[in-house]
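Here's the structure we're looking at; comments come further down.
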Amino acid sequence: MDERLKKPYQPSEHEEHIYRLWEESGFFQPENLTGKREKAYTILMPPPNANGHLHVGHALATTLQDIMIRYRRMAGDKTLFLPGADHAGFETQVVYEKKIEKDGRSRFSMEREELYQEILAFTNENKRFMETEVRALGASCDWSREKFTLDPDIVEVVYGTFRKLFDDGLVYRGKRMVNWCTRHQTSLSDLETAAKTQTDTLYYISYGPLTVATVRPETMFGDVAVAVHPEDTRYTEFIDTSIAVTTPIGSMYLKVITDEAVDPDFGTGALKITPAHDPNDFEMGLKYSLPAVEVIDQYGKLNERCGKYAGMKILEAREVVAKDLTEMGLLIKTESYEHSISTCYKCGKTLEPRVLPQWFVRMEPLAAQALEAVRTKKVTILPEYSEKVFNNWLYGIRDWNISRQIAWGIPIPARVCGACDYGTADITQTKCPICGATLTPDPDTFDTWFSSGQWPFATLGYPDGEDFKTFYPTAVLETAYDILFFWVARMIMLGLYRTGKVPFRHVYLHGLVRDVSRQKMSKSKGNVVNPIELLTRYGTDALRMGLIIGNTPGADSALSETKIKGYKHFANKIWNVARFVLERADEIEFTERPVLTEGDAARLKEFSTLAEDVTVDLNEFRFHLAGEKLYHYFWHTFADTIIEESKARLKEDSDTRQSTLFALLSILTKSLILLHPFMPFITETLWQMMPGKLRASVGYREALLMITPWPNTSQSPLS
RNA sequence: GCGCCUUUAGCUCAGUGGUAGAGCGUUCGCUUCACACGCGAAAGGCCGUAGGUUCAAUCCCUACAAGGCGCACCA
């Protein structure tokens, strides 16, 4: 018996060596797998953002993905687990900006190319950490196929999709209202906003003969009309007339228009229209051909149109304007008003609606296909209720702004006209067909989700790559529920659009791992737990078990170190059971199955039932149950009952002894097999410590547990 | 405003149409020849509230309550 078995299991003494053994075996690569392997089974690792270290959520995700892959590899599929890393555009740029701010630097004083190169170096460094950490988690992924979202072949596919969308009329350049972050100096998609409820002052201001109510008096210099409800009899006499409005910087004439959208019961029923700085007003501006007069600049300051207020920040200007209006006797009254505003999801600053020429994806036709795919079960989503959430979001979705004014990202392959807002994806065009001006390259970059939304087919070498033909569509997309819209929905839409097929058949959404007190982990709270510390302390297998047992799809979990510790004890239990059996190995006389006692036959049968059960659970994504059943069986049936009872039988006659030993060895061996997807390190370590002859005597000749066949059950894996 | 989820042992969470489980914790006893990262035993739950369906509900249905989340361009 291996001397190392005599002391408690020390994960750190084995894990690195075992991972190297797997990696060097070449079996992470599907083409090296032995046997027929007709069915491809692919999981793409959601590429971690290469802007920091892995967090516990990655550990949970990687574990779930690796369990599926290891199970399918053992069950005979041609498995590909493809790793990657994400440049994570805006996210990474924000992280990097914060980092250099600490050194007293700012990205706004840097050349764009300089910034790009610095972030690239930063990202490459983080990517290396991340790769080491993914290995430490035991992920059996094919590193030879690793992809980075900025790899030239990925970018080429993304460009192709953009061009196709443009040619199909599904991408258009529009001068429309977008969410602008005055801090980050870029527009954001609707998803990248966070609604915040706050209480502001509602100002009632004299507008000539009328009174309007607004929370933004500082935008009055951009007003182009006043709108009332068409049936509001209070204002009949003013409809379609011009009214003279006095402002602190002079008079202006505004047309009084009517629109059904005006609520007569809100405020005074008269609404000032500022198309350049309010989404509703912008729509109305389009409807009635009103000009959009910009009075606030990209930094959130009032511009030269605002006379003495020019240069003031919005909030400052609001106060001063209100004060001046009061002095002029134009401020009728104020009210306290609770409403919801859009803020930047990263910095929390109030977003300024701005009218900018940007690229938009026309969502409706894409969404319709995605909805259909889910409705017809071409894609299933777990937890089931998230299909409702998915449908809810896609139904009535608005067009997607994919232009970002940041350096760190994939440049948009388009040429744009500075004079008239024309733009084209035909980069050979040099002259604006509208106004004749010279076209210039679009300085913007893509929303990072536009490119990662193409990850499944881009990584596999669409359209002609062998991998694309073999491994697409992928089997399961496993990720956190909080990126269902950002990523999953976009992948389904763009996958269907570009390839005509769904990118994956099943979506498994795990919940967020929160800290012990159920708080969301975040760097600012300082409660982020490093999974590497945990696996160093308890072993990777214990961490994996601690994360997945009791963890159901979609449900958040509180990180429990005591639970992980419990599974470290379990690992030691496995270790000692193996020791018990292997200590008795020299008493073994059989080289194949001896005649079994009735009891031992029953014990093996009981094990088969467990194997069936666990297989069904794995097929149906019930990893939390499969793991718990294995734990329970191994400890409370195998160790507590079978081994305890075997002690007496091992003192009986030779036939009984051989039968008992066979049952023990057989159950141990098969348990290692079933446990392997969950606890790959200790099971493979023991497999390697077990003499090959012993394994062979219970029917297993494979040198590596990783590719040992899964026990035959009546349950065949779902496709 | 619309929608979704959760409510089970002290804590964190599983689970099933026939009156419940795990990890940790608690109590008692054990250095028993695989394991003290252990063994044996025990305490602890009207399975959120009120109705309904059913022979039978913690599990299905309907309200309600509490907590959480997502979506939402009414100034």
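Within every chain, numbering begins at 1; the chains are lettered A, B, ... in the order of the sequence lines, protein sequences first and strands thereafter. Just so it is clear, the values below take in all heavy atoms, side chains as well, and ignore hydrogens, waters and symmetry mates.
A cation-pi arrangement, defined by a distance under 6.0 Å to the six-membered ring centre and an angle within 45 degrees of its axis, is absent between Arg4(A) and Trp575(A).
C39(B) sits 47 Å from C4(B) when the C1' atoms are compared, rounded to a whole Å. Atom name C1', nucleotides C30(B) and C69(B): the rounded distance is 49 Å, in whole Å. G70(B) sits 45 Å from U27(B) when the C1' atoms are compared, rounded to a whole Å. Comparing the C1' positions of G67(B) and G29(B) gives a spacing of 43 Å, expressed to the nearest Å. Between U49(B) and U8(B), the two P atoms lie 10 Å apart (nearest whole Å). For G15(B) and G23(B), the C1' atoms lie 15 Å apart once the distance is rounded to whole Å.
If Lys388(A) and Leu559(A) are placed on RNA chain B by their nearest nucleotide, the residue sitting closer to the 5' end is Lys388(A). Of the two residues contacting RNA chain B, namely Leu625(A) and Glu283(A), the nearest-nucleotide position lying further toward the 5' end is that of Leu625(A).
The partner of G48(B) is C64(B), by the rule that a Watson-Crick or G-U pair needs both atom distances under 3.5 Å. Searching all strands for a Watson-Crick or G-U wobble partner of A57(B) with both distances below 3.5 Å returns nothing. Of all nucleotides present, none satisfies the Watson-Crick or G-U wobble test against C74(B) with each distance under 3.5 Å. With a 3.5 Å ceiling on both atom-pair distances, the Watson-Crick or G-U wobble partner of C24(B) is G10(B). Using Watson-Crick or G-U wobble geometry with both donor-acceptor distances under 3.5 Å, G3(B) finds its partner in C69(B). In this entry C33(B) has no Watson-Crick or G-U wobble partner, no candidate having both defining distances under 3.5 Å.
In this model, a side-chain donor or acceptor of Lys573(A) finds a partner on the base of C35(B) within 3.5 Å.
In terms of phosphate contacts, Trp393(A) brings no side-chain nitrogen or oxygen within less than 4.0 Å of OP1 or OP2 of C69(B). Applying the 4.0 Å criterion to OP1 and OP2 of A34(B), one finds that Arg584(A) has a side-chain N or O inside that range. OP1 or OP2 of G38(B) lies within a sub-4.0 Å distance of a side-chain N or O belonging to His569(A).
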#### Entry: Residues Lys333(A), Glu335(A); criterion salt bridge (charged side-chain N to carboxylate O under 4.0 Å, His left out); working and verdict
CA-CA 7 Å; Lys333(A) 64 168 180 177; Glu335(A) 277 173 6; 3.3 Å; yes
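The aromatic rings of Tyr631(A) and His636(A) sit perpendicular to each other, their planes meeting at more than 60°, with 30° as the lower class boundary.
Put simply, the residue from Val293(A), Val295(A), Val355(A), Asp223(A) that forms a side chain to side chain contact (heavy atoms under 4.5 Å, CB included) with His277(A) is Val295(A).
Between Ile643(A) atom CD1 and A34(B) atom P there is a gap of 10 Å when expressed in whole angstrom units. C2(B) atom P lies 22 Å from atom CD1 of Ile397(A), rounded to whole Å. Between the CG atom of Asp556(A) and the C1' atom of C69(B) there is a distance of 9 Å, given to the nearest Å.
Here G21(B) is the nucleotide among A72(B), G21(B), C71(B) with the atom lying nearest to any side-chain atom of Glu628(A).
Residues Ser340(A) and Gln198(A) are not in side-chain contact: their nearest non-hydrogen atoms beyond the backbone lie 4.5 Å or more apart.
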